[in-house]
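Scroll down for the structure; my scribbles are underneath it.
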Amino acid sequence: MKTSVARKILMALSGFFLLLFLLQHLTINSLSVVSEDVFNNVSHFMGTNWIVQFLLQPVLLFGVIFHLVMGLYLDIQNQRARNIKYAQNNPGTNSSWMSRNMKITGIMILLFLGLHFADFWIPELNTKFIEGDMSGMKESGFGLRYFEELQHKFTEVWRVAIYVLAFVFLSLHLLHGFQSAFQSVGFNHNKYTPWIKKLGNLYAIVVPLGFIIIAIYHYTTQL
Amino acid sequence: MSDKLMKLTLKIWRQKDADSPGKMESYQVEGISEHMSFLEMLDVFNEQQINQGNEPVAFDHDCREGICGMCSLQINGEPHGPDRGVTTCQLHMRMFNDGDTITIEPFRAKAFPVIKDLVVDRTSFDRIQHAGGFISVNTSGNTQDANNIPVEKENADKAFDAATCIGCGACVAACKNASAMLFVSAKVSQFALLPQGKIEAKDRVLNMVHQMDEEGFGNCSNTGACEVECPKGISLENIARMNREYLKASLTKE
Ligand code: HEM
Ligand code: SF4
Ligand code: FES
């Protein structure tokens, strides 16, 4: 934690962790397209299993907070390192927009997380821990509630639009971030790095697109 | 090949000394041949300024053949100008056209304070070198010939490539974070790849990274701007190697 290199390595490790989490999240979301029952059962398991709830969930929360606090901290240091700006700057000739704007795309993701938590996580905490209803059942008492709750969120077009936009920002974040994290932990090899970059582009497009398709699917099936 | 002489508008950062505020000023220069180097163009400009009774603009230079690392300048928003793989002294005026406006600024970084006009103080790089950019060699009369120690070809080539860094600071100037990682990683790699460098390997990377932070350089975001602008083509591979060396050293050093 003491030096720039150590902080960058930790930044990359938290990034890797989030990349893995995102795959898991996408897998479960895809189940909602495949089968209502399977989605309900897996959601109920994730929402009530104590290892997931009291071990994995706090670790995830810590990972997200660590990543964003460290990212913003590094950015403040970086601003300070160039106290006088150039009168004319031509950064487009030597680097990509994505690589220069990780803070912007990151903050967009953070804003989205606010909405996303308000949509799902906070109501979930409320149902389970304030109202004390751990059953996962609908109020009617017939069947699990998760799929229905998911559907109810994707009825307004503005919300779907925000979700889609957020995943575009996530895509931009990862188009740089995926391969950058490998470089940060010291992995750069002429044989493998070109493939890591290709894999990174694939991940950064396919995963956010997956989330987008699922959101639009639920919106259109309810029209 | 046209021998028509160019007339240019120069926007140059003028600053009296380290403590004065500076500002951009506009000038005209004429009689510039496309065969001149950028520094020769500035020589002509200064001569014209002196003839008009004005103070010439101060800029750094020494070898004028791309090997000393003394010349600098942010030209139209890029360190060492728009060409690739060259220093400012090797940049030809044929990269520009008659009537162009060229913006010339000093390399900007908190760790490179301006001394005067376009001259910046790059001794922060020297202090990083002092912190670990050396090896111990027995000089008591029985010095071993370095050629007696075999080095794997791949490593020898990479060490040589890293050693071509001339310490100009263009990497810092190009980086949006004013990070010195490319320079420091070249200096670390040059030794890390050779048997002679193994002895101080751990202390070297830890101390040089520590000094780099002390000097107030920014963090690396892996934008890759440094590699593109580096006149010697120092590769980002070196930064990854430095991070590996750092990780190894910090985990194993007692
Ligand atoms: C919560 C909002 C987020 C913020 C504010 C944020 C911010 C940042 C910033 C500023 C950086 C650049 C750090 C640097 O240049 O040194 C970064 C890098 C990165 N981020 Fe994020 N991020 C967020 C969310 C995410 C998410 C959800 C993921 C992945 C699923 C992610 C994956 C990455 C990766 C892989 C890197 C590259 C690490 C590296 O360069 O070594 N980020 N983030
Ligand atoms: S790495 Fe390249 S740009 Fe940086 S100081 Fe060395 S030669 Fe100059
Ligand atoms: S003056 Fe020596 S490298 Fe340009």
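Quick note on labels: first sequence line is chain A, next is B, and so on, each numbered from 1. On a predicted model such as this, the values are computed, not experimentally measured, just so you know.
In this structure the side chain of B:T223 never reaches within 4.5 angstrom of the side chain of A:S96, judged on heavy atoms.
In this structure, chain A has a heavy atom under 4.5 Å from the backbone of B:C175, while its side chain stays farther away. Neither the backbone nor the side chain of B:P82 comes within contact range of chain A, judged by heavy atoms closer than 4.5 Å. For chain B, no part of A:T193 is nearby; none of its heavy atoms comes within less than 4.5 Å. For B:Y246, the part lying near chain A is the side chain, with the backbone staying farther off; criterion is any non-hydrogen pair under 4.5 Å. At a 4.5 Å heavy-atom cutoff, B:S250 makes no contact with chain A through either its backbone or its side chain.
At most 12 non-hydrogen atoms from other residues, nucleotides or ligands lie less than 6.0 angstrom from OH of A:Y192. The 12-atom threshold is not exceeded at CZ of B:F160, counting heavy atoms of other residues, nucleotides or ligands nearer than 6.0 Å. For B:H92, the NE2 atom sits in a packed shell: over 12 heavy atoms of surrounding residues, nucleotides or ligands are nearer than 6.0 Å. More than 12 heavy atoms of other residues, nucleotides or ligands lie within 6.0 Å of CZ in A:F120, so this atom counts as buried by the packing criterion. Within a 6.0 Å radius of NZ in A:K153, other residues, nucleotides and ligands contribute more than 12 heavy atoms. Remark: B:K198 NZ is packed, more than 12 non-hydrogen atoms of other residues, nucleotides or ligands lying under 6.0 Å away. By the 6.0 Å contact criterion, NZ on B:K202 is enclosed, its count of non-hydrogen atoms from other residues, nucleotides or ligands being greater than 12. The neighbour count for A:W158 CH2, taken as heavy atoms of other residues, nucleotides or ligands under 6.0 Å away, is above 12.
Counting heavy-atom pairs under 4.5 Å between each of B:M242, B:E229, B:M24, B:E227 and chain A puts B:E229 at the top. Across A:M102, A:H189, A:Q179, A:K8, the residue that shares the most heavy-atom pairs under 4.5 angstrom with chain B is A:K8. For the options B:P106, B:G216, B:G224, B:A240, heavy-atom pairs under 4.5 Å to chain A are most numerous at B:A240. Most heavy-atom pairs under 4.5 Å with chain A: of the set B:V228, B:V172, B:D213, this distinction falls to B:D213. When the candidates B:R244, B:E105, B:R84 are compared by the number of heavy-atom contacts under 4.5 Å with chain A, B:E105 comes out ahead.
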Yes or no on side-chain contact (heavy atoms from CB on, under 4.5 Å) for A:I9 and B:L247, after CA distance, side-chain angles and deciding distance? CA-CA 8 Å; A:I9 292 173; B:L247 197 59; 3.8 Å; yes
Test side chain to side chain donor-acceptor pair (under 3.5 Å) on B:N222 and A:S99 and set out the steps. CA-CA 7 Å; B:N222 303 326; A:S99 72; over 6 Å; no
Given side-chain contact (heavy atoms from CB on, under 4.5 Å), test A:S95 with B:K176 step by step and report yes or no. CA-CA 10 Å; A:S95 54; B:K176 77 175 181 66; over 6 Å; no
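Closest approach of A:H176 to B:S221, counting heavy atoms only: NE2-O, 2.9 Å. Taking each heavy atom of A:Q183 and B:L236 in turn, the nearest pair found is NE2-O, 3.0 Å. The shortest heavy-atom contact between A:S4 and B:M212 is OG-CE, 3.4 Å.
Checked against A:V5 for a side chain to side chain contact (heavy atoms under 4.5 Å, CB included), the options B:I239, B:N243, B:V184, B:L206 give a single hit: B:N243.
Contacts between residues 73-93 of chain A and chain B, counted as heavy-atom pairs separated by less than 4.5 Å, involve A:L74, A:D75, A:Q77, A:N78, A:R80, A:A81, A:R82, A:N83, A:I84, A:K85, A:Y86, A:A87, A:Q88, A:N89, A:N90, A:T93.
With sequence neighbours excluded, the residues satisfying salt bridge (charged side-chain N to carboxylate O under 4.0 Å, His left out) with B:K116 are B:E55.
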